[in-house]
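To keep things clear, I will list the structure first and then write my remarks on it.
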Amino acid sequence: MTLTCTRADQTVAVKTTAATSAVETTIVLNDDGHYTLMRDGKPYFIYGAGGSEHLDVLVEHGGNSIRTWGIESLEQQVDGVALLDRCEALGITVCVGLWIGHERHGFNYRDPVQLDQQREAVRQAVRKYKDHPAVLMWGLGNEMEGPDSNEPTPHIWKELDQLASIIREEDQSHPIMTVIAGSSPVKVKGILEDYSNVDILGVNSYAAASSVASEIQAAGWKKPFVLTEFGPSGHWEVPTTSWGAAIEPKSREKAASYYVTQTMLIEDAKAICLGSYCFVWGQKQEKTSTWYGMFLPTGEKLPQVDAISRAWTGKWPTNRCPRVDPIQCEFVNATVAPGVLVKAKLPAVDPNEDSMTWQWIVQAESTAASVGGDREPVPPIFEECIIGQDGDEVTLRTPAQPGNYRLFAIVRDGRGGAAAENVCFQVTGVSK
């Protein structure tokens, strides 16, 4: 049989002798100048999320695709079966992430031994998974250039182009995407000059996510793109306390960020945008335990899920998360003495009039200096600080040890929905 892979700049016909279960993904440039992703011959717009948890909830809320970061994710068991098989059963496609070495992690792009090992690992991964029907595209690398770097990196882009050519040799049925941090013109121009084999540009962006399409086009990008990570403003993009703690966006602000970004993306970037992957469909400790996660560690969805569902489907989900106001407390983003009794309150209403419960947590501020989403340890929790609570109010005693802390408040509706807020505070002085 013959497989036809339509790329942004050419059409390639490849003859094969063996039957395949792969579902072909192509990119077509329409007469109106718009790029369209085609899956099995039909238009396919990505309503996606980063992560591999809560897949049934993703489908229920209008999502159709997930993005992974490393090939090891495909080996994990989800509901008793391999991830790709579970996705196929649910009708979810997968942007298969192929993790590529980062110089900040010690990878040397000038070491032929490391390069050969990485090339072979990519080749074997593509051979192993290319025919699975859940595969949508290849995600070759994630922020390999470094999340904070704005220097030219031709040695990285040239090697990525070599890896892309290996993928093309092994698989002509799926396009290749590479993912960068932000929409810097330096990065975009470097890819244009040294990375011709890439079909799609993926961009991770947060506070500036809605302007990504215009920025990469201004830098000369003419192929399609996918917004591969977006969500609330990043912890490097927000105001800080006097002692340097990043102030986490409020629950309603986060939900609005997801909705506005997704809506503007669809309305303003139709010509080159193939879809998006919100971040993160699960829970992650990064600066705090609630900053980027769209779910709690205990599995409840947060208002961000409802907001992205509204943007994807045009309607709210049947059961909506509680709606909360900011925490009311005398030491919001301020200093307080150790061992002091204080009260705090988290006002909340439930759109479905469900009965709600509140949880309060005092936790040390994270001291991790990680960048680019690197794994962080979970800071210690001080259970002894919670003295008592009554409904939406809590009485707590500030920690005895001077330092930087956060007070978290979580409200749950008992039906899988929740909302979370936190405030920073600093304990200074000597306990009385």
Side-chain angles (χ1 to χ4, degrees), residues 50-51 67-74 94-126 129 137-168 170-171 174-206 208-209 212 215-216 219-221 223-230 234 236 277 279-280 284 286 370-375:
R67 176 191 171 212
T68 62
W69 285 264
I71 207 69
E72 68 281 352
S73 298
L74 305 188
V94 182
C95 172
V96 179
L98 299 168
W99 187 260
I100 302 304
H102 290 205
E103 290 182 316
R104 65 192 176 90
H105 295 154
F107 191 88
N108 185 354
Y109 277 87
R110 294 175 175 81
D111 181 350
V113 174
Q114 291 189 51
L115 293 180
D116 285 344
Q117 291 174 343
Q118 182 164 260
R119 291 172 186 175
E120 184 60 20
V122 167
R123 186 183 298 276
Q124 294 304 320
V126 173
Y129 295 107
M137 66 176 73
W138 301 103
L140 183 58
N142 183 74
E143 302 184 1
M144 308 72 53
E145 77 286 2
D148 299 325
S149 172
N150 200 28
E151 298 295 324
T153 54
H155 62 296
I156 295 178
W157 304 134
K158 289 177 180 178
E159 178 57 26
L160 267 289
D161 198 55
Q162 176 67 30
L163 294 173
S165 69
I166 291 173
I167 297 175
R168 189 78 64 210
E170 299 292 336
D171 180 20
H174 303 101
I176 302 166
M177 177 172 69
T178 205
V179 179
I180 60 175
S183 50
S184 161
V186 173
K187 298 179 183 181
V188 174
K189 291 176 182 177
I191 293 174
L192 288 170
E193 293 171 358
D194 299 308
Y195 196 173
S196 61
N197 277 304
V198 66
D199 300 308
I200 303 166
L201 180 62
V203 180
N204 296 341
S205 185
Y206 289 84
V212 165
E215 290 174 353
I216 61 175
W221 188 256
K223 294 180 181 181
F225 100 102
V226 172
L227 186 61
T228 41
E229 283 184 23
F230 72 98
W236 62 94
Y277 292 94
F279 186 86
V280 56
K284 182 183 184 185
E286 185 172 357
S370 57
V371 297
D374 290 349
R375 188 179 300 277

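Count residues from 1 along the sequence.
Taking each heavy atom of Tyr195 and Ala164 in turn, the nearest pair found is CE2-CB, 4.0 Å. Taking both residues in full, the closest heavy atoms of Val198 and Asp161 are given as N-OD1, 4.5 Å, listed atom of the first, atom of the second, then distance. Across every non-hydrogen atom of Asp194 and Pro154, the tightest pair is OD2-CB, 3.5 Å. Nearest approach of Ser183 to Val203, heavy atoms of both residues: N-CG1, 4.2 Å. Considering every non-hydrogen atom in both Ala219 and Pro185, the closest pair reads CB-CA, 3.8 Å. Nearest heavy atoms, Gln114 versus Asn108: OE1-N, 3.2 Å.
No donor-acceptor pair closer than 3.5 Å links the side chain of Lys189 to the backbone N or O of Gly220. Side-chain atoms of Thr68 do not come within 3.5 Å of backbone N or O of Val96 as any donor-acceptor pair.
In this view, Glu229 and Arg67 satisfy the salt bridge (Lys or Arg N to Asp or Glu O under 4.0 Å) rule, not counting sequence neighbours. For Asp171, the side chain to side chain contact (heavy atoms under 4.5 Å, CB included) test picks out Val126, Lys130, Trp138, Ser173, His174, with sequence neighbours left out.
Atom CD1 in Ile100 sits 14.0 Å away from atom CD in Glu143 (nearest 0.5 Å). Here the CG atom belonging to Leu192 is positioned 14.5 Å from the NZ atom belonging to Lys187, to the nearest 0.5 angstrom. Between the CE atom of Met144 and the CG atom of Leu160 there is a distance of 4.0 Å, given to the nearest 0.5 Å. Between atom CD1 of residue Ile180 and atom CD1 of residue Ile156 there is a gap of 12.0 Å, rounded to the nearest 0.5 Å. Note: Asp199 CG to Thr178 OG1 = 11.0 Å, rounded to the nearest 0.5 Å. If you take CD1 on Ile216 and NZ on Lys223, they are separated by 12.0 Å, rounding to the nearest 0.5 Å.
The side-chain heavy atoms of Leu163 and Ile167, taken from C-beta on, include no pair separated by under 4.5 Å. In this structure, the side chains of Val179 and Trp69 stay at 4.5 Å or more apart for every pair of heavy atoms. With a 4.5 Å cut-off on side-chain heavy atoms, Asn142 and Trp99 count as touching. Contact annotation: the side chain of Leu98 never approaches that of Tyr129 to less than 4.5 Å [non-hydrogen atoms, C-beta and beyond].
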### Query
side chain to side chain contact (heavy atoms under 4.5 Å, CB included) between Arg110 and Glu159: does it pass, once the steps are laid out?
CA-CA 10 Å; Arg110 294 175 175 81; Glu159 178 57 26; over 6 Å; no
### Task
Begin with the C-alpha distance, continue with both residues' side-chain angles, and end with the deciding distance and a verdict on side chain to side chain contact (heavy atoms under 4.5 Å, CB included) for Val188 and Leu201.
CA-CA 9 Å; Val188 174; Leu201 180 62; 4.3 Å; yes
### Task
With side chain to side chain contact (heavy atoms under 4.5 Å, CB included) as the test, would you mind laying out the steps for Trp157 and Glu145 before giving the verdict?
CA-CA 8 Å; Trp157 304 134; Glu145 77 286 2; 3.9 Å; yes
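Between Tyr277 and Phe279, the distance from one ring center to the other does not fall under 6.0 angstrom.
Ring geometry for His102 against His105 counts as parallel: the plane angle stays under 30°, on a 0 to 90° scale with 60° as the upper cut.
Paired with Asp116 under the rule side-chain contact (heavy atoms from CB on, under 4.5 Å), one option of Arg119, Gln118, Glu120 passes, and it is Arg119.
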